[in-house]
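For reference, the structure discussed in these notes is given below.
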Amino acid sequence: DAGITQSPRYKITETGRQVTLMCHQTWSHSYMFWYRQDLGHGLRLIYYSAAADITDKGEVPDGYVVSRSKTENFPLTLESATRSQTSVYFCAAGTGKETQYFGPGTRLLVL
Amino acid sequence: QKEVEQDPGPLSVPEGAIVSLNCTYSNSAFQYFMWYRQYSRKGPELLMYTYSSGNKEDGRFTAQVDKSSKYISLFIRDSQPSDSATYLCAMIHTGGFKTIFGAGTRLFVKA
């Protein structure tokens, strides 16, 4: 049982490029979340989804776009990457908002 | 002032000690309280969650919530070197999904 997988695990890109981070869960949990983790800021919620086709903004949504056409997938797109978006990105899924199970993370470097 | 305050440590204890990890919060609307463990370069792992004031026990871990003081704690009994990690508290507002994480406390358990 793989749980949550994230791809790629590591990504280097340049300023201005579009980047999509993938998140896939094998459980079919209703709730999915995207976070970024930075030194000095900890984990901050970018977007969340309560079900397929239902998404909403979190604490730091600017510069990011999400979609959820299928329950098991929740991709995060950086429309035009900036250096400030260099971070570790975590996807999570759960049966409720209080039971969030995290993936292994994607380390993104924007040059 | 941050909504959730957590001492970053590091906290160093000998093997077998009882560890106390704490968070304070300012918003009385927080209803859900969670504790995560994060090993270096891994995703956070959900340890425990609770809704109400009082204690909740799971093996060597006990979560305590005091809503009147806006204070939560995680106790680890018989600590082991494998418990060495960063511990994150997290909270969610009533009726919402936005999860606010503490900065995390680094714990070292010496053999």
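Basis for what follows: all heavy atoms, side chains included, without hydrogens, waters or symmetry-related copies. Quick note on labels: first sequence line is chain A, next is B, and so on, each numbered from 1. The structure presented is a predicted model; accordingly, all values stated were derived computationally and were not measured.
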Please state whether the side chain, the backbone, both or neither of B:Tyr36 comes within less than 4.5 Å of a heavy atom of chain A.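 Looking at B:Tyr36, just its side chain touches chain A.
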Can you confirm whether [X] is buried at [atom1], in the sense that more than 12 heavy atoms of other residues, nucleotides or ligands lie under 6.0 Å from that atom?
X        : atom1 : value
A:Leu39  : CG    : no
B:Lys42  : NZ    : no
A:Glu14  : CD    : no
B:Arg77  : CZ    : yes
A:Leu109 : CG    : yes

Does the separation of the ring centres of B:Phe97 and A:Phe33 fall below 6.0 angstrom?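 Centroid separation for B:Phe97 and A:Phe33: 6.0 Å or greater.
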Path from [X] to [Y] over hydrophobic side-chain contacts below 4.5 Å:
X        : Y       : value
B:Trp35  : B:Tyr32 : no
B:Leu46  : A:Met32 : no
A:Phe102 : A:Phe74 : no

Kindly indicate, with the supporting measurements, whether the criterion side-chain contact (heavy atoms from CB on, under 4.5 Å) is fulfilled by B:Gln38 and A:Phe90. CA-CA 12 Å; B:Gln38 186 174 25; A:Phe90 289 103; 3.6 Å; yes
Atom [atom1] in [X], atom [atom2] in [Y]: separation rounded to 0.5 Å?
X       : Y        : atom1 : atom2 : result
A:Leu43 : B:Ile100 : CG    : CD1   : 11.0 Å
B:Thr99 : A:Gln100 : OG1   : CD    : 4.0 Å
B:His93 : A:Lys97  : NE2   : NZ    : 10.5 Å

Among B:Pro44, B:Ala90, B:Gly104, single out the residue with the greatest number of heavy-atom pairs under 4.5 Å to chain A.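 Looking at each of B:Pro44, B:Ala90, B:Gly104 in turn, B:Pro44 comes out on top.
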Name the option with the most non-hydrogen atom pairs under 4.5 Å to chain A; the candidates are B:Gly96, B:Ala103, B:Gly102.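 Going by pairs under 4.5 Å, I would pick B:Gly96.
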Give the intermediate values and the outcome of side-chain contact (heavy atoms from CB on, under 4.5 Å) for residues B:Lys98 and A:Glu59. CA-CA 7 Å; B:Lys98 295 181 181 181; A:Glu59 187 181 354; 5.9 Å; no
Side chain / backbone / both / neither for A:Arg44 at chain B, heavy atoms under 4.5 Å: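 No part of it gets close to chain B.
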Please flag which part of A:Gln37 lies under 4.5 Å from any non-hydrogen atom of chain B: side chain, backbone, both or neither.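 Looking at A:Gln37, just its side chain touches chain B.
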Would you please test A:Tyr101 and B:Glu45 for side-chain hydrogen bond (donor to acceptor under 3.5 Å, both in side chains) and show each step? CA-CA 7 Å; A:Tyr101 299 97; B:Glu45 173 191 4; over 6 Å; no
